[in-house]
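Here is the structure we will look at.
The shown structure was predicted, so the numbers you read here are calculated from the model rather than taken from an experiment.
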Amino acid sequence: MNLFNSALGKNITFVRPEYFVISGFSGIPHIKYYYVFLFFVYIVSVLGNTAVMAVIYLDHNLRTPKYIAVFNLAFVDLFGSSALMPKVLDIFLFNHRYVPYNDCLTFCFFCYTCLSMQVLNLVALSYDRLIAIIYPLHYQVKVTHRFMLSLIASFWVFVVTVVLIAVGLLTRLSFCKSVVINSYFCDHGQIFRLACNDYTPSYVFGVLLVALILWFPLAFIVLSYLCIGYALSKVATAQERYRAFKTCTAHLSLVAIYFLPILITFMSANIHPNARIINLSLTSVFPPMLNPIIYVLQTQEIKVSVKRLLRIRGKSKITTNK
């Protein structure tokens with residue numbers, strides 16, 4: 001208990017700064033062009049995810065458990081990009097680097113909530129693929145609309161709870177020295193390291209948070225695909241194996257796009273702060289942009305649905321003109 005008393009004890013006056021300063025990149029000329037590039041990535045992300053959500057909503061054939069998870073992924077990508085990018089662009093393009101204390105903690109909460117939900121959506125989709133390939137005859141019974149909605153809802157409750165605790169622990173810290181956050185947003189790890197009192201509870205919970213929303217989900221996804229690979233190795237023909245594995249390519253692409261930059265960042269012990277910011281910022285904005293593109297190009301159901309909706313719209317225009 002003594003571990004947490006210093007940060008959670010009663011009758012303690014906490015020194016809270018008026019604002020934090022987001023440092024961003026250092027020593028890179030013409031860096032504003034990078035943020036302009038991120039702006040265009042954000043626009044593509046908004047358009048793509050809105051289109052995917054609209055297609056799933058309009059086409060009743062896509063009202064399946066799998067596409068409940070895909071719809072939620074598109075929603076989280078849209079919500080996460082909109083929580084992060086406008087603020088980042090405001091900070092660095094318009095030089096508003098001074099972020100009020102409460103605004104910074106709110107910014108931190110929404111960013112981490114959305115980033116965490118992106119990972120857990122990939123877990124839901126990997127479970128869907130696992131059951132569909134290993135137990136194809138029982139898929140309709142094991143993966144129902146109610147099950148998928150319950151799973152997604154439980155992920156939301158879990159993520160909001162743990163991120164609220166992480167941000168709540170930050171309010172128990174005193175900041176009496178530097179208020180410069182060496183990141184491109186209000187990064188949880190960079191904030192608690194600025195504290196001048198004991199930040200052990202935030203550090204411990206931060207490590208637990210990384211395990212819960214990064215390493216455990218990644219381990220589950222890897223294990224699920226090992227099981228899928230083993231199941232497919234028993235399939236009689238190569239064509240059947242290829243057909244079954246093809247249904248996983250979109251999801252595998254999303255997993256690679258999301259996890260590879262994060263793994264590179266975490267495994268590089270002496271990575272330069274600028275390289276770390278580039279890696280993590282691209283991880284934050286590229287998956288939301290690429291997810292809808294990958295699902296439209298690699299998922300047969302969505303391609304068929306888009307063509308059907310465009311054909312219906314074309315016919316309605318012809319009828320109207322007549």
Side-chain angles (χ1 to χ4, degrees), residues 31-64 66-94 107 110-122 124-125 152 155-156 184-185 249-262 277-317 320:
I31 193 60
K32 286 193 174 182
Y33 291 112
Y34 177 70
Y35 296 112
V36 173
F37 165 72
L38 292 184
F39 170 73
F40 285 107
V41 171
Y42 168 65
I43 294 299
V44 174
S45 174
V46 169
L47 294 175
N49 285 293
T50 302
V52 168
M53 292 169 64
V55 169
I56 295 174
Y57 176 78
L58 293 172
D59 192 342
H60 292 276
N61 295 319
L62 296 180
R63 305 283 179 87
T64 62
K66 173 185 174 181
Y67 286 101
I68 291 174
V70 173
F71 184 93
N72 190 62
L73 179 63
F75 171 76
V76 170
D77 286 342
L78 179 63
F79 182 47
S81 297
S82 299
L84 176 67
M85 286 314 303
K87 187 64 178 177
V88 169
L89 295 172
D90 179 59
I91 290 170
F92 296 109
L93 282 182
F94 301 100
F107 189 24
F110 282 110
C111 288
Y112 273 91
T113 297
C114 294
L115 289 171
S116 303
M117 273 305 301
Q118 285 178 357
V119 178
L120 295 181
N121 265 298
L122 296 177
L125 288 167
I152 296 296
F155 283 161
W156 272 106
Y184 65 102
F185 75 112
T249 55
H251 179 255
L252 278 173
S253 301
L254 304 187
V255 171
I257 290 167
Y258 187 89
F259 280 103
L260 285 179
I262 294 178
I277 291 174
I278 288 177
N279 234 356
L280 293 180
S281 61
L282 291 179
T283 304
S284 301
V285 299
F286 257 80
M289 180 192 74
L290 294 176
N291 288 353
I293 297 173
I294 288 171
Y295 261 100
V296 169
L297 294 179
Q298 295 191 11
T299 307
Q300 188 64 28
E301 296 99 328
I302 290 187
K303 286 194 289 187
V304 171
S305 178
V306 169
K307 291 177 183 177
R308 185 188 303 115
L309 291 172
L310 290 175
R311 190 161 53 246
I312 291 172
R313 186 180 178 186
K315 288 181 180 178
S316 64
K317 281 186 175 181
T320 304

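Looking at L282 and F37, their side chains come closer than 4.5 Å, going by heavy atoms from C-beta outward. Using a 4.5 Å heavy-atom cutoff, the side chains of W156 and N72 are in contact.
Using bins of under 30°, 30° to 60° and over 60° for the plane-to-plane angle, the ring pair F110/F79 lands in the perpendicular bin.
The two residues Y34 and S281 make their nearest non-hydrogen contact at OH-OG, 2.6 Å. For P287 against D77, the heavy-atom pair with the smallest separation is O-OD2, 4.3 Å. Closest approach of V88 to Y184, counting heavy atoms only: CG2-O, 3.7 Å. For A69 against L125, the heavy-atom pair with the smallest separation is CB-CD2, 3.7 Å. Taking each heavy atom of V52 and A74 in turn, the nearest pair found is CG1-CB, 4.2 Å. Between F71 and I56, the shortest heavy-atom contact is N-CD1, 3.8 Å.
Put simply, the side chain of N49 gets close to the backbone of S45: a donor and an acceptor are under 3.5 Å apart. At least one donor-acceptor pair closer than 3.5 Å links the side chain of S284 to the backbone N or O of L280. Counting only distance, with no hydrogens or angles, the side chain of D90 and the backbone of P86 share no donor-acceptor pair below 3.5 Å. Not one N or O on the side chain of R63 forms a donor-acceptor pair closer than 3.5 Å with the backbone of L58. Here the side chain of N61 pairs no donor or acceptor atom with the backbone of S305 at under 3.5 angstrom.
Interatomic distance, OH of Y67 versus CG of D59, reported as 10.0 Å (0.5 Å rounding). Considering CD1 of I294 and CG of L254, their distance stands at 5.0 Å, rounded to 0.5 Å. Going from atom OG of S81 over to atom CZ of F286 covers 12.0 Å, rounded to the nearest 0.5 Å. Atom CG of residue N291 and atom CE of residue M289 lie 9.5 Å apart, to the nearest 0.5 angstrom. The distance from atom CG of L73 to atom CG of L120, rounded to the nearest 0.5 Å, is 11.0 Å. In this structure, CZ on F185 lies 6.5 Å from CG on L115, to the nearest 0.5 angstrom.
Y35 pairs with exactly one of F94, F92, F40, Y42 by the ring-ring contact (aromatic ring centres under 6.0 Å, His included) rule, that one being F92.
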Walk me through whether L84 and F107 qualify under side-chain contact (heavy atoms from CB on, under 4.5 Å).
CA-CA 8 Å; L84 176 67; F107 189 24; 3.9 Å; yes

